[in-house]
Amino acid sequence: NNFLQLFLGWEAVGLVSYLLIGFWYTRPTAIFANMKAFLVNRVGDFGFILGIGLLLAASGSMQYTDVFAQAGKLAGKTVP
């Protein structure tokens, strides 16, 4: 029910993806794909946590209900 739980779930999906791709660790293509998945997930994680931080700074809450209740007010805000 909040953005922190969503982020932790996102991290769990990334971990499972990394482990699933890296299961065949003896194959060079699997090793390359495993590293690529890890790096892409880290880039996505950075953007995701940045967005959550901006929502927290703008709304003062990480709860979905609180943030979505302020959607009209937040729509007009810009980041200086």
Side-chain angles (χ1 to χ4, degrees):
N1 64 355
N2 64 39
F3 287 103
L4 182 60
Q5 287 178 334
L6 179 67
F7 183 73
L8 293 176
W10 175 268
E11 285 296 315
V13 169
L15 174 65
V16 170
S17 173
Y18 173 78
L19 294 174
L20 184 63
I21 294 169
F23 180 75
W24 299 104
Y25 60 89
T26 57
R27 297 181 183 176
T29 56
I31 294 170
F32 178 73
N34 196 17
M35 185 56 68
K36 184 177 176 182
F38 178 78
L39 292 174
V40 168
N41 278 331
R42 295 293 71 86
V43 171
D45 292 344
F46 177 72
F48 197 13
I49 200 76
L50 183 65
I52 290 172
L54 288 171
L55 278 174
L56 177 62
S59 68
S61 176
M62 292 180 85
Q63 300 293 327
Y64 293 147
T65 54
D66 297 339
V67 174
F68 294 145
Q70 298 179 30
K73 183 182 88 168
L74 296 175
K77 281 195 168 187
T78 59
V79 179

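Along the sequence shown, residues are numbered consecutively beginning with 1. Note that this is a predicted model, so its numbers are computed, not measured.
Note: the hydrophobic cluster containing L4 also contains L56 (ILVMFWY, side chain heavy atoms under 4.5 Å, direct or indirect links). If you chain together hydrophobic residues whose side chains sit under 4.5 Å apart, L6 and V67 fall into the same group.
Between M62 and L55, the closest side-chain pair of non-hydrogen atoms is not below 4.5 Å.
In terms of heavy-atom proximity, A37 sits nearest to I21 at CB-CD1, 3.6 Å. Taking all atoms of both residues into account, the shortest heavy-atom contact from Q63 to N1 is OE1-O, 3.2 Å.
Remark: E11 CD to F48 CZ distance equals 9.5 Å, nearest 0.5 Å. Between N34 atom CG and W24 atom CH2 the span is 14.0 Å, to the nearest 0.5 Å. Atom OH in Y18 sits 10.0 Å away from atom CG in L39 (nearest 0.5 Å).
For D66, the salt bridge (Lys or Arg N to Asp or Glu O under 4.0 Å) criterion is met by no residue, not counting sequence neighbours. Scanning for side chain to side chain contact (heavy atoms under 4.5 Å, CB included) contacts around A58 gives L74, K77, with sequence neighbours left out.
Geometrically, R42 does not engage F46 in a cation-pi contact, judged by NZ or CZ lying under 6.0 Å from the ring centre and within 45° of the ring axis.
Around OH of Y64, the count of heavy atoms belonging to other residues, nucleotides or ligands within 6.0 Å exceeds 12.
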> Under the side chain to side chain contact (heavy atoms under 4.5 Å, CB included) criterion, do F7 and I52 qualify, and how do the steps go?
Replying inline: CA-CA 9 Å; F7 183 73; I52 290 172; 3.9 Å; yes

